[in-house]
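A short worksheet on the structure shown next.
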Amino acid sequence: MRKAISFLFLIALSSVFAQTKNSLLQISHLTGDFYIYRTFNKYKGNLISANAMYLVTQKGVVLFDSPWDKNQFQPLLDSIKARHGKEVLMYFATHSHDDRAGGFDFYRKKGIKTYSIQQTDEILKTTNKPRAEIVIRNDTVLNIGEHSFRIFYPGKGHAPDNIVVWFDKEKVLYGGCFVKSVLAKDLGYLGDSDVVEWEKSIKNVQTSFSNPLYVIPGHGDWDNVKSLDHTLQLIQEYNKSNRSDQSDKK
């Protein structure tokens, strides 16, 4: 009987770990205690992936951004518990869009502490969406277990409230949608963007956090540390084109 139970347990466990390119929740090991997970949603009729990250500590797991697909809110918790034997303790949203802050209500009800900066809280309040339980300063260093990280607001960019997260010891920069993948051909959704300020904000991040070993964009691949440079190039090209268009209209 014990062998049968063990066999069934291994089957269940393997199904949790089975990650294929067609999975709606894809978890990849980045380095050390860092994991990137992908979820999907439709944008302009196409299924688009979104990157988010979690950090495993001695005390528990810290989540940076929620799944874009709300149907993956619980499966993510289940996968983390099965893989690491730990609970998620904290959840930080890097800005107010649904692919980042969409899980505040769900995870708060699970007893997970939820965090945002003041700008994000104000946007969510104005739009009557669920808000974080805890509002933190724009530049905050936190120590969780054996890990330390810095929440940093670089200025307006993809969104007026976008933050990045820096892990100095491991040289990991989690950029969220503030940073574009090196394969991105444009800046994507600009409905809440300030592209002029974005240029200054990117340079602010480059100055503040030099020589990252890993840079995680909000969408696309994360295997190239040149994504900050590529984002800056896209921004400069966009701003140059806009200036040229405005000059032509005069």
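Starting from 1, each residue takes its place in the sequence as its number. This is a predicted model, so every value here is computed, not measured.
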Path from Leu142 to Met53 over hydrophobic side-chain contacts below 4.5 Å:
yes
Shortest non-hydrogen pair, Pro130 vs Leu124, comes out as O-CD1, 3.4 Å
For the atom pair CG (Leu63) and CG (Leu76), what is the distance rounded to the nearest 0.5 Å?
5.5 Å
Between Asp161 (side chain) and Ile123 (backbone), is there a donor-acceptor pair under 3.5 Å?
no
Salt bridge (Lys or Arg N to Asp or Glu O under 4.0 Å) partners for Glu133, two or more places apart:
none
Is there a side-chain contact between Cys177 and Asp99 (heavy atoms, below 4.5 Å)?
yes
Side-chain heavy-atom pair Tyr37, Leu25 within 4.5 angstrom cut-off:
yes
Report yes if the side chains of Asn71 and Leu24 come closer than 4.5 Å at any heavy-atom pair, otherwise no.
no
pair Thr94-Val164: side-chain heavy atoms closer than 4.5 Å:
no
Taken to the nearest 0.5 Å, the spacing of Asp229 CG from Asn224 CG works out to 9.0 Å
Within a radius of less than 6.0 Å around NZ of Lys86, do more than 12 heavy atoms belonging to other residues, nucleotides or ligands occur?
yes
Residue pairs, two or more places apart or on separate chains, that pass ring pair (Phe, Tyr, Trp, His ring centres under 6.0 Å) and touch residues 99-120:
Phe73-Phe106, Phe73-Tyr107, Tyr91-Phe104, Tyr91-Tyr107, Phe92-Tyr115
Before giving the answer on side-chain contact (heavy atoms from CB on, under 4.5 Å), spell out for Asn138 and Phe152 the whole-Å C-alpha distance, their side-chain angles and the decisive distance to 0.1 Å.
CA-CA 6 Å; Asn138 286 356; Phe152 181 71; over 6 Å; no
To the nearest 0.5 angstrom, please state how far the CG atom of Asn211 sits from the CG atom of Leu173.
12.0 Å
Can you check whether Gly218's main-chain N or O pairs, donor with acceptor, with Arg100's side chain at less than 3.5 Å?
yes
Using modelled atom types only, decide if a donor and an acceptor are shared between the side chain of Glu199 and the backbone of Val196 within a distance under 3.5 Å.
no
Distance flag, aromatic centroids of Phe167 and Phe34, threshold under 6.0 Å:
yes
Closest heavy-atom pair, Val205 versus Pro154, reported as atoms and distance to 0.1 Å, is CG2-CB, 3.5 Å
Could you go step by step and tell me if Val215 and Tyr174 meet the side-chain contact (heavy atoms from CB on, under 4.5 Å) rule?
CA-CA 6 Å; Val215 180; Tyr174 179 69; over 6 Å; no
Can you tell me how far CZ of Arg83 sits from NE2 of His29, rounded to the nearest 0.5 angstrom?
9.0 Å
Would you say the side chains of Thr39 and Asp69 form a donor-acceptor pair under 3.5 Å?
no
Exercise: identify the closest heavy-atom pair between Ser66 and Gly102
OG-N, 3.6 Å
What I want to find out is whether Asp105 reaches Arg131 closely enough, with some N-O distance under 4.0 Å, to be called a salt bridge.
no
Validation row: Ile202, Leu228 side chains within 4.5 angstrom (heavy atoms)
yes
Please list every donor-acceptor pair under 3.5 Å in which a side-chain atom of residues 180-189 meets a protein atom from a residue at least two apart or in another chain.
unit_1	atom_1	unit_2	atom_2	d
Lys180	NZ	Leu187	O	3.4
Ser181	OG	Leu183	N	3.1
Asp186	OD1	Gly188	N	2.8

Going hydrophobic residue to hydrophobic residue with side-chain gaps under 4.5 angstrom, can you get from Val165 over to Phe209?
no
Is it true that Val172 and Val141 fall in one hydrophobic cluster, defined by side-chain heavy atoms closer than 4.5 Å?
no
Tell me the closest heavy-atom pair linking Phe64 and Ala52, and the distance in Å.
O-CB, 3.4 Å
Go through the structure and list residues passing salt bridge (Lys or Arg N to Asp or Glu O under 4.0 Å) with Glu87, not counting sequence neighbours.
Lys81
List the steps and the verdict of side-chain contact (heavy atoms from CB on, under 4.5 Å) for Ser28 and Trp222.
CA-CA 11 Å; Ser28 303; Trp222 56 85; 4.0 Å; yes
Which of Val56, Thr57, Val61 passes side chain to side chain contact (heavy atoms under 4.5 Å, CB included) with Lys59? Answer is Thr57
Count the heavy atoms belonging to other residues, nucleotides or ligands that lie under 6.0 Å from CG of Asn143, then report whether that count exceeds 12.
yes
State whether the side chain of Glu146 and the backbone N or O of Gln58 hold a donor-acceptor pair below 3.5 Å, judged by distance alone.
yes
Is there a chain of hydrophobic side chains (I, L, V, M, F, W, Y, each step under 4.5 Å between heavy atoms) that links Leu55 to Tyr35?
no
Quick one: list whatever passes salt bridge (Lys or Arg N to Asp or Glu O under 4.0 Å) with Lys200, sequence neighbours left out.
Glu197
Single-linkage hydrophobic cluster Tyr238~Val179, side-chain heavy atoms < 4.5 angstrom
yes
Check for a donor-acceptor pair, side chain of Ser201 on one end and backbone N or O of Lys156 on the other, with a separation under 3.5 Å.
yes
Determine yes or no for a side-chain-to-main-chain donor-acceptor pair under 3.5 angstrom, with Thr231 supplying the side chain and Ser227 the backbone.
yes
Assess the residue pair Tyr153 and Arg137 against the criterion (side-chain contact (heavy atoms from CB on, under 4.5 Å)); give the C-alpha distance rounded to whole Å, side-chain angles, the decisive distance to 0.1 Å, and a yes or no.
CA-CA 9 Å; Tyr153 175 67; Arg137 296 188 306 272; over 6 Å; no
Salt bridge Asp221-Arg38, side-chain N to carboxylate O under 4.0 Å:
yes
Asn41 (side chain) donor-acceptor with Leu47 (main chain) under 3.5 angstrom
no
Check ion pair Asp168-Arg150 (N to O, under 4.0 angstrom):
no
How about Phe178 and His158: are their ring centroids closer than 6.0 Å?
no
Considering all heavy atoms, the nearest Ser210-Trp166 contact
O-CH2, 4.1 Å
Answer yes or no: is there a donor N or O on one side and an acceptor on the other, between the side chain of Thr120 and the main chain of Ser116, under 3.5 Å?
no
With rounding to the nearest 0.5 Å, note down the distance linking CD1 in Ile151 to OG1 in Thr140.
7.0 Å
Using a 4.5 Å cut-off on heavy atoms from C-beta on, say whether the side chain of Tyr54 contacts that of Met90.
no
Please check if the number of heavy atoms outside Lys171 that lie under 6.0 Å from its NZ is greater than 12.
yes
Going by heavy atoms in the side chains, are Gln118 and Asp121 under 4.5 Å from each other?
yes
Ring centroids only, cut at 6.0 angstrom: are Trp68 and His97 within range, meaning strictly under it?
no
Can you name the salt bridge (Lys or Arg N to Asp or Glu O under 4.0 Å) partners of Asp192, sequence neighbours left out?
none
Does Asn162 use its side chain to pair, donor to acceptor, with the backbone of His95 at less than 3.5 Å?
no
Euclidean distance, Asn51 CG relative to Leu30 CG, rounded to 0.5 Å
10.5 Å
